[in-house]
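Scroll down for the structure; my scribbles are underneath it.
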Amino acid sequence: MPDRAQQPVDRQLPTDEARDLISLARDIAQREIAPRAAEEEDAGIFPREVFTLLSRSGLLGLPYDSEYGGGDQPYEVYLQVLEELAAARLTVGLGVSVHSLSCHALANYGTKQQQVEHLPAMLGGGLLGAYCLSEPASGSDAASLRTKAVRDGEDWVIDGTKAWITHGGIADFYTVMARTGADGARGISAFLVPGDAAGLSGAAPEKKMGMKGSLTAQVHFDGVRVPDERRIGEEGQGFAIALSALDSGRLGIAACAIGLAQAALDEAVAYASGRQQFGRPISDFQGLRFMLADMATQIEAGRALYLAAARLRDAGRPFAKQAAMAKLHCTDTAMKATIDAVQILGGYGYTADFPVERYMREAKVLQIVEGTNQIQRMVIARHLAGPEAHRTG
């Protein structure tokens, strides 16, 4: 059956423009995204036309400078738009988050000339980006990446393979971290690689348990030649750029997780209110009422946590610890809320006739991407107690 539209969240927004953006996102979500979500996810269809629409509507570059085609919106607004999109279909919400992540390096570390030349198309010109850090043998230990970029005159020649790349093989541009120097974090540089570069290819998409409409694939670089003017930042600065992007990206994942959890809660409330057993709605039974209350409380707590981190970011204050906390709490909440939604729907929750089984399968990946939740706990602990004594990197 089609996904039921989620109940509107009562949001505290800073401006009338922000309220208009939320209304626009909800309208697109209800008209263009949610009605096709179940069918297209089941068939593994990537909704590229939705991203084109989001770009035309000004929703694909919200947190970036309007001088280059962005929306000039604070992160607290961008993330709530992201939450609305993810509630309708996680493939779309996560895709927007990844696109924003892929623009971060150029927008924050690029030269003025690079920004003028490339950002308008990336932010509002219908292009779709991908972020290339992970590799088959370097996931959580990203500083050990092996993809190399070797200087050849005024160009760099890139060879290697990136793994678990959202939009891999279909992106219009790739922000790529590659080794240009010695082993370790200080030997990595960042590059902006066009999607049609000779020698760049995407492997067959991974077969995943959820988010089947979101294309995830290895990306191969076989002698890909990139001019030096497409290097972002200084040589050896790439890993610092990557970590900076991930701090912001983790907030995107947190917002997507809360959107998914909210969709699961809405479905559970609707079902429990309508399902009759023993002569009354099952929402009358205390066991289910407490489950719904716990779901709602954790979702509200997660929303408050990611917004608090976003407001720190908007104020120019450190937010890495809070971003890790938000990613950890919100994605764990999404996993628990979707499992509970399946339980509330009982046997129906285990069937594809209702969307909660899909929500549960999708929630799992949010505990893994952009730093597993075990990594988030390590990040938080380092902020509290300092680096581990045995660390050498």
Side-chain angles (χ1 to χ4, degrees), residues 15 17-18 20-22 24-25 28 32 46-79 81-82 85 92-133 154-156 165-177 189-198 200 219 224-234 237-238 241-242 244-245 248-249 251-252 313-314:
T15 63
E17 183 182 12
D20 290 341
L21 286 169
I22 290 292
L24 175 61
I28 291 174
E32 305 292 339
F46 178 72
R48 181 58 193 260
E49 71 285 352
V50 168
F51 289 89
T52 302
L53 173 60
L54 293 173
S55 181
R56 289 201 309 264
S57 303
L59 297 179
L60 210 53
L62 283 176
Y64 295 109
D65 197 328
S66 60
E67 179 182 356
Y68 306 114
D72 268 337
Q73 291 300 309
Y75 238 63
E76 70 164 305
V77 173
Y78 156 67
L79 292 177
V81 169
L82 201 59
L85 298 174
V92 174
L94 187 101
V96 174
S97 180
V98 168
H99 175 81
S100 182
L101 181 71
S102 69
C103 296
H104 181 277
L106 187 62
N108 290 276
Y109 295 89
T111 65
K112 181 74 172 181
Q113 180 179 345
Q114 288 174 323
Q115 292 169 348
V116 169
E117 183 176 355
H118 301 294
L119 272 181
M122 292 164 61
L123 297 178
L127 300 187
L128 189 64
Y131 179 81
C132 295
L133 177 62
E154 294 301 311
D155 296 340
W156 294 87
I165 306 305
T166 300
H167 307 150
I170 63 168
D172 299 300
F173 65 91
Y174 297 82
T175 296
V176 181
M177 308 301 160
S189 300
F191 299 88
L192 181 66
V193 182
D196 60 356
L200 186 156
V219 178
V224 175
R225 187 171 289 271
V226 179
D228 186 56
E229 55 261 29
R230 280 184 170 264
R231 174 175 47 82
I232 304 172
E234 302 297 328
Q237 194 181 9
I241 292 173
S244 171
S248 297
L251 292 182
R313 185 190 188 280
D314 291 334

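In this structure, Glu234 and Gln237 approach most closely via the heavy-atom pair N-OE1, 2.9 Å. A pairwise comparison of heavy atoms in Ala107 and Leu119 identifies CA-CD1, 3.9 Å as the closest pair. Closest approach of Val224 and Ala197 over heavy atoms only: CG1-CB, 3.8 Å. Counting all heavy atoms, side chain and backbone alike, Val98 lies closest to Ala130 at CG1-CA, 4.5 Å. Closest approach of Ala18 to Val77, counting heavy atoms only: CB-CG2, 3.7 Å. The two atoms that bring Leu53 and Glu32 nearest to each other are CD2-CG, 3.7 Å, heavy atoms only.
Applying the side-chain hydrogen bond (donor to acceptor under 3.5 Å, both in side chains) test to Ser55 and every residue at least two apart in sequence or in another chain returns nothing. Taking the side-chain hydrogen bond (donor to acceptor under 3.5 Å, both in side chains) definition, one finds that Arg313 meets it with Ser248, sequence neighbours left out. Here Arg225 pairs with Asp152, Asp155, Val157 under the side-chain contact (heavy atoms from CB on, under 4.5 Å) rule; sequence neighbours left out. Annotation: side-chain hydrogen bond (donor to acceptor under 3.5 Å, both in side chains) contacts of Glu17 (sequence neighbours excluded): Gln73. In this structure, the ring-ring contact (aromatic ring centres under 6.0 Å, His included) partners of Phe191, at least two apart in sequence or on a different chain, are Trp156. Scanning for salt bridge (Lys or Arg N to Asp or Glu O under 4.0 Å) contacts around Asp314 gives an empty result, with sequence neighbours left out. For Tyr109, the ring-ring contact (aromatic ring centres under 6.0 Å, His included) criterion is met by no residue, not counting sequence neighbours. With sequence neighbours excluded, the residues satisfying ring-ring contact (aromatic ring centres under 6.0 Å, His included) with Phe173 are His99. In this view, Ala105 and Thr175, Ile232, Ile241 satisfy the side-chain contact (heavy atoms from CB on, under 4.5 Å) rule, not counting sequence neighbours. In this view, Glu49 and Arg36 satisfy the side-chain hydrogen bond (donor to acceptor under 3.5 Å, both in side chains) rule, not counting sequence neighbours.
The line from CG of Asn108 to SG of Cys103 is 10.5 Å long, rounded to the nearest 0.5 Å. Note that CG of Leu94 is 8.5 Å distant from CG of Leu82, once rounded to the nearest 0.5 Å. Here the straight-line distance linking atom CG of Leu54 with atom CZ of Arg56 works out to 9.5 Å at 0.5 Å rounding.
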List the atom pairs, donor and acceptor, that lie under 3.5 Å between side-chain atoms in residues 59-71 and the rest of the protein, sequence neighbours left out.
from: Tyr64; atom 1: OH; to: Ser100; atom 2: O; distance (Å): 2.6
from: Tyr64; atom 1: OH; to: His104; atom 2: N; distance (Å): 3.3
from: Asp65; atom 1: OD1; to: Glu67; atom 2: N; distance (Å): 2.9
from: Ser66; atom 1: OG; to: Asp72; atom 2: OD2; distance (Å): 2.4
from: Glu67; atom 1: OE2; to: Lys112; atom 2: NZ; distance (Å): 2.7
from: Tyr68; atom 1: OH; to: Lys112; atom 2: NZ; distance (Å): 2.8
from: Tyr68; atom 1: OH; to: Gln115; atom 2: OE1; distance (Å): 3.4

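Pairs passing the salt bridge (charged side-chain N to carboxylate O under 4.0 Å, His left out) check and including a residue from residues 98-111, sequence neighbours excluded, do not occur.
At least one donor-acceptor pair under 3.5 Å links the side chain of Tyr174 to the backbone N or O of Gly169. Looking only at distances, a side-chain donor or acceptor of Gln114 sits under 3.5 Å from a matching main-chain atom of Glu229. In terms of modelled atom types and a separation under 3.5 Å, the side chain of Asp172 and the main chain of Leu128 share a donor-acceptor contact.
Residues Tyr131 and Met177 form a side-chain contact, since some pair of their non-hydrogen atoms from C-beta on lies under 4.5 Å apart. In this structure the side chain of Leu24 reaches within 4.5 angstrom of the side chain of Ser57, judged on heavy atoms. A 4.5 Å side-chain heavy-atom check between Arg230 and Pro194 finds at least one atom pair inside the cut-off. For the pair Val226/Val176, no side-chain contact is recorded, criterion being any heavy-atom separation below 4.5 Å from C-beta on.
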